[in-house]
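Just so you know, these numbers come straight off a predicted model, no measurement behind them. A note on names: the letters A, B, ... follow the listed sequences, proteins ahead of strands, and every chain is numbered from 1.
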Amino acid sequence: MAFFEVKDIYKNFGANRVLKGIDLQLDEGQVLAIIGSSGSGKTTLLRCINFLEIPDKADIYLSGENIFSVDNLDEINKALQDLDKSQTQISAADIAKEDSQADLTNSKENGSDIVDTTDKKQQKQKSKPVNISKEKKKQIAEQRLKFGMVFQSFNLFPHYSVQKNLTLAAKLKYDKSIKSIDKYFSKTVRLARKQAFKEIDERAVALLQRVGLGEKLKAYPCELSGGQQQRVAIARALILQPEILCFDEPTSALDPELTREVLKVIKDLKNDGHTMIVVTHEMEFARKVADKVIFMADGVIEEQGSPEEVFGNPQSPKTKAFLQESEKSIDED
Amino acid sequence: MSFWNVTLKLLEAAKFTVGIFFLTLIIAIPLGIVICACAMSKFKPLKYVTQVFIWIIRGTPLMLQLVVVFYGPGLLFGTPIQDNFLATIIAFSINYAVYFAEIYRGGIISMPLGQYEAGKVLGMNRAQTNTLVIFPQVVKKITPAMSNEVITLVKDTSLANFIGVMEIIVTAKSLVSTKAIIWPLFYTGVFYLAMVGILTLFFKWLEKKMNYYRA
């Protein structure tokens with residue numbers, strides 16, 4: 001079994017079927033590039049992988065361990081059918097629609113359950129939305145920490161210095177591991193905490209140097225260029241030592257020069273042995289850095305393989321068209 | 001009556017104005033947080049009840065609310081509020097808390113979703129994200145709007161004369177009728193201008209202090 005494996009992932013937003021059954025595997029230390037036109041579902045796929053969206057159906061394995069399993073597809077399909085029916089019914093159409101929309105939110109909430117809930121009783125229920133239990137939310141939050149995330153819009157905390165942006169979450173995580181009262185009353189705990197925080201600070205400095213921003217420790221995000229902000233965001237994601245680092249179009253908000261500096265950092269991280277999933281529009285980058293490329297279209301994987309296979313010898317007509325189109329835009333530039 | 005005597009009289013009345021101002025702020029700022037939390041609650045009944053409450057408070061004159069708080073308990077339960085100052089504080093606090101709550105809410109919903117998601121992927125829970133990421137930024141965002149409301153409060157204190165609190169305007173008015181001099185009434189403006197002047201400087205300082213970052 002591969003280091004990271006996603007099986008049969010489905011996601012609907014209302015009646016909009018965004019992911020229609022996707023499987024992917026990734027070995028440790030590999031870089032996976034996900035390409036495809038806008039609306040093909042590649043960002044949703046990434047967001048499902050780190051649980052920013054809860055998939056309707058998926059099995060996710062990391063290092064052989066099943067970290068997430070859910071299957072609410074039947075329920076959701078049923079809700080969607082109800083929706084279709086109610087839309088075709090002319091009489092009392094509005095009421096029916098409202099009904100099935102209520103159903104839809106219902107099953108959407110259900111979709112957040114970790115445990116398989118193919119329980120027939122629950123399918124028949126049309127009652128209030130079922131909220132995710134605190135316990136499950138906690139489980140998901142824990143699993144999410146195995147994935148680092150770098151956003152298209154950086155999402156740094158503007159009111160904190162670069163240093164605090166990096167260290168805040170790590171320190172909170174440490175505090176979670178000790179009893180909060182001891183923090184104030186036990187001298188040994190207090191000393192250990194001080195030491196741990198010092199190590200976190202040191203790690204932040206080291207990471208910042210790794211992304212080439214050693215001198216920006218005390219700066220605020222608004223004082224940095226977009227490329228620098230994104231590199232800080234990468235360091236921030238790394239400080240929690242995730243198993244897999246996810247990038248959601250990390251350079252889409254940047255000009256070519258800044259794009260280059262961010263992509264260089266990602267390349268460096270690959271050399272350090274980080275496992276990464278990168279949703280990108282940078283074909284050159286995908287071709288040169290990725291070990292594996294997935295081309296997505298309409299919620300399914302249209303084509304996948306090594307960069308040589310996908311870029312050099314695409315099989316599917318959709319892939320060919322997409323690649324030609326992106327070539328064209330380069331020529332026009 | 002000499003200028004000096006009038007000044008002393010008005011200064012003595014100003015303690016009610018200042019008292020109403022500070023007590024209202026001390027109660028309304030935290031009460032606004034509670035109302036804001038109710039108005040944004042996921043528990044629908046609470047949310048709707050709060051929205052109706054906000055509609056009523058914003059939809060009626062503060063002067064009317066003063067009257068209701070002052071005379072209402074007496075008419076309804078036979079236990080009148082004896083203290084018109086207390087009634088003023090209650091009415092003002094509720095009224096301003098509602099306006100503050102709407103300002104807070106505006107600040108919170110204007111926060112980009114990405115900030116919440118960043119907190120999420122960094123393993124922070126909802127409370128941590130709110131207190132460490134969202135609220136500090138909201139404070140900066142809402143400061144101009146809050147300064148507006150706070151300055152309005154200075155001048156609204158004069159409404160307390162409607163239920164007989166001896167604040168500046170009432171005192172000046174009584175001088176007009178008993179001593180047959182009109183100028184103290186104009187003179188009250190100086191007191192309000194002085195208070196608003198201090199507040200303006202304070203908020204300017206506060207905004208500058210929080211300007212160490214741009215969102």
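For Lys138(A), no part sits under 4.5 Å from any heavy atom of chain B, backbone or side chain. Of the two parts of Phe157(A), the backbone and the side chain both hold a non-hydrogen atom closer than 4.5 Å to a non-hydrogen atom of chain B. Neither the backbone nor the side chain of Phe51(A) comes within less than 4.5 Å of any heavy atom of chain B.
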Margin query: Lys140(B) vs His159(A), test: side chain to side chain contact (heavy atoms under 4.5 Å, CB included). Steps then yes/no.
Written below: CA-CA 10 Å; Lys140(B) 179 177 169 166; His159(A) 56 308; over 6 Å; no
Next item on the list: Could you walk me through whether Leu240(A) and Leu122(B) pass the side chain to side chain contact (heavy atoms under 4.5 Å, CB included) test, one step at a time?
Entry: CA-CA 8 Å; Leu240(A) 294 171; Leu122(B) 290 171; 3.7 Å; yes
Margin query: Please evaluate residues Val121(B) and Leu145(A) with respect to the criterion side chain to side chain contact (heavy atoms under 4.5 Å, CB included), reporting the C-alpha separation (whole Å), side-chain torsions for both, the decisive distance (0.1 Å), and the verdict.
Written below: CA-CA 7 Å; Val121(B) 297; Leu145(A) 277 181; over 6 Å; no
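At least one donor-acceptor pair under 3.5 Å links the side chain of Gln115(B) to the backbone N or O of Leu156(A). Tyr160(A) places a side-chain N or O within donor-acceptor distance of the main-chain N or O of Leu132(B), the cut-off being under 3.5 Å. In terms of modelled atom types and a separation under 3.5 Å, the side chain of Asn155(A) and the main chain of Ala118(B) share no donor-acceptor contact.
Looking at Leu168(A) and Met124(B), their side chains come closer than 4.5 Å, going by heavy atoms from C-beta outward.
Taking 4.5 Å as the heavy-atom cut-off, none of the residues of residues 189-207 of chain B approach chain A.
Shown here is Lys173(B), whose NZ atom has no more than 12 heavy atoms of other residues, nucleotides or ligands within 6.0 Å.
Residues satisfying the ring pair (Phe, Tyr, Trp, His ring centres under 6.0 Å) test with Tyr212(B), not counting sequence neighbours, are Tyr220(A).
With values rounded to the nearest 0.5 angstrom, Glu223(A) atom CD is found 8.0 Å from Arg214(B) atom CZ.
Among all heavy-atom pairs drawn from Pro158(A) and Gln137(B), the shortest one is CG-OE1, 3.1 Å.
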